[in-house]
Student: 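Okay, handing you the structure first.
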2 protein chains.
Amino acid sequence: MRKENSTNVLNQQFLFQVCELNSAIAMIGGRWKSQIVYSIYEGNNRFHLLKKELTNISEQVLGRQLKELETHAIIIKKEIPGSIPQGIEYTLTNKGLELIPILKLLCDWGKTFADGKQITAKLPALCV
Amino acid sequence: MRKENSTNVLNQQFLFQVCELNSAIAMIGGRWKSQIVYSIYEGNNRFHLLKKELTNISEQVLGRQLKELETHAIIIKKEIPGSIPQGIEYTLTNKGLELIPILKLLCDWGKTFADGKQITAKLPALCV
DNA sequence: GTAGAAACTAACAATTTTGTTCGTTATTGT
DNA sequence: ACAATAACGAACAAAATTGTTAGTTTCTAC
């Protein structure tokens, strides 16, 4: 539970006002979140599939993260009528889908500069 | 301080192995971080300029966030020889610079879908 | 030569996030 | 009929992040 008037909350609200960048980061910044979004995109759209893919996650944590993603309208939970067993499926909304290319860019960025590779202090001319 | 062998740390390491996306998110996901990177990019490259721009931040928190960004080689701290007063300046590395277009995309994404605008469950054909 | 700003660091406290334990409902395979 | 799996929710505990208090050093303006 958040505390309504803590400095922490007020600072977050301040950042939200400065730029939507900060609310975007707040939505996808949590543990597991982006990976869940990406996994759903790749077809792991059922609770048990996600659980299997994210080996170390607990069911409770997974459920919580899914609900938060749903709250932010990045994913949607649906009942699939004629499926066995049962049938609850998670799908990306268009909001979630449009996040995917950005996550891909972030991934590439991470790969490019992993382990301190490629990093220079001096800026190559074309960057300025 | 992190606890070396907590489940929390192990889960984070697991995610780091799954995809660099997760380490990328870990680097920029913290409070103030992306906003600081963006502000430096916009020219607020001195401690006091950042402090002024991010009205509610405390000097101690700002210092800490800057150091973490430096640790991740996103920014670099430099002494400027002939400047008054004193002269310490923060600059983006090439790693930091290449982050900027991604942050812009995230910002646009945030704006587009702010307050539940534009969100649909059904996917427009061109997205699939 | 004293006061004040710039640019911090360390230690501690508040708050938040993450993970755990226990329990639920509904279905399915044997 | 009984165990197992899917898909969770609530309450609590552990851990991590964020913010605060107090203090440092170096310069600079008066």
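Chain letters run A, B, ... following the sequence lines, proteins first and then strands; every chain starts at 1.
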Student: Can you pull out every salt bridge (charged side-chain N to carboxylate O under 4.0 Å, His left out) where at least one residue sits in residues 13-31 of chain B? Sequence neighbours excluded, please.
Tutor: none

Student: If you fit an axis to the five pairs at each end of the helix from C/dG1-D/dC30 to C/dT30-D/dA1, how big is the angle between those two axes, to 10 degrees?
Tutor: 10°

Student: Less than 4.0 angstrom from a charged side-chain N to a carboxylate O is my criterion; do A/Glu89 and A/Arg46 meet it?
Tutor: no

Student: Are A/Trp32 and B/Val18 connected in the hydrophobic side-chain network, where two residues link if heavy atoms are under 4.5 Å apart?
Tutor: yes

Student: Of all the choices, D/dC8, D/dA6, C/dA7, which nucleotide is nearest to the side chain of A/His48 once you look at every atom?
Tutor: D/dA6

Student: Mapping A/Gly63 and A/Asn8 onto DNA chain D by nearest heavy atom, which one lands closer to the 5' end?
Tutor: A/Gly63

Student: For B/Phe47 and for A/Arg64, find the nucleotide of DNA chain C with the closest heavy atom, then tell me which residue's nucleotide is more 5'.
Tutor: B/Phe47

Student: At 4.0 Å (heavy atoms only), tell me whether A/Lys77 reaches a base, stays on the sugar-phosphate, or touches nothing.
Tutor: sugar-phosphate

Student: What pairs with A/Glu42 under salt bridge (Lys or Arg N to Asp or Glu O under 4.0 Å), at least two apart in sequence or on another chain?
Tutor: none

Student: My understanding is that only residues two or more places apart in sequence, or in another chain, count here; which of them pass side chain to side chain contact (heavy atoms under 4.5 Å, CB included) with B/Lys52?
Tutor: none

Student: Would you list the atom pairs, donor with acceptor, under 3.5 Å between side chains in residues 106-113 of chain B and any protein atom, with sequence neighbours excluded?
Tutor:
residue: B/Trp109; atom: NE1; partner: A/Lys95; partner atom: O; Å: 2.8
residue: B/Thr112; atom: OG1; partner: B/Asp108; partner atom: O; Å: 2.8

Student: Choosing from C/dA10, D/dA6, D/dG9, which nucleotide comes nearest the side chain of A/Lys67?
Tutor: D/dG9

Student: According to a strict under-4.0 Å criterion, is A/Tyr90 in side-chain N/O contact with OP1 or OP2 of D/dC8?
Tutor: yes

Student: Check each residue of residues 49-60 of chain A for a non-hydrogen atom within less than 4.0 Å of any atom in DNA chain C, then write out the ones that pass by number, or none.
Tutor: A/Ser58, A/Gln60

Student: Where is the tightest heavy-atom contact between B/Ser39 and B/Leu54, given as atom of each residue plus distance?
Tutor: OG-CD2, 4.4 Å

Student: How do B/Leu66 and A/Arg31 order along DNA chain C: which one's closest nucleotide is nearer the 5' end?
Tutor: B/Leu66

Student: So if I take every side-chain heavy atom of B/Ser6 and compare against D/dA15, D/dC8, C/dC8, which nucleotide ends up nearest?
Tutor: D/dA15

Student: Give the rounded distance in Å between these two atoms: CG of B/Leu15 and C1' of C/dT17.
Tutor: 14 Å

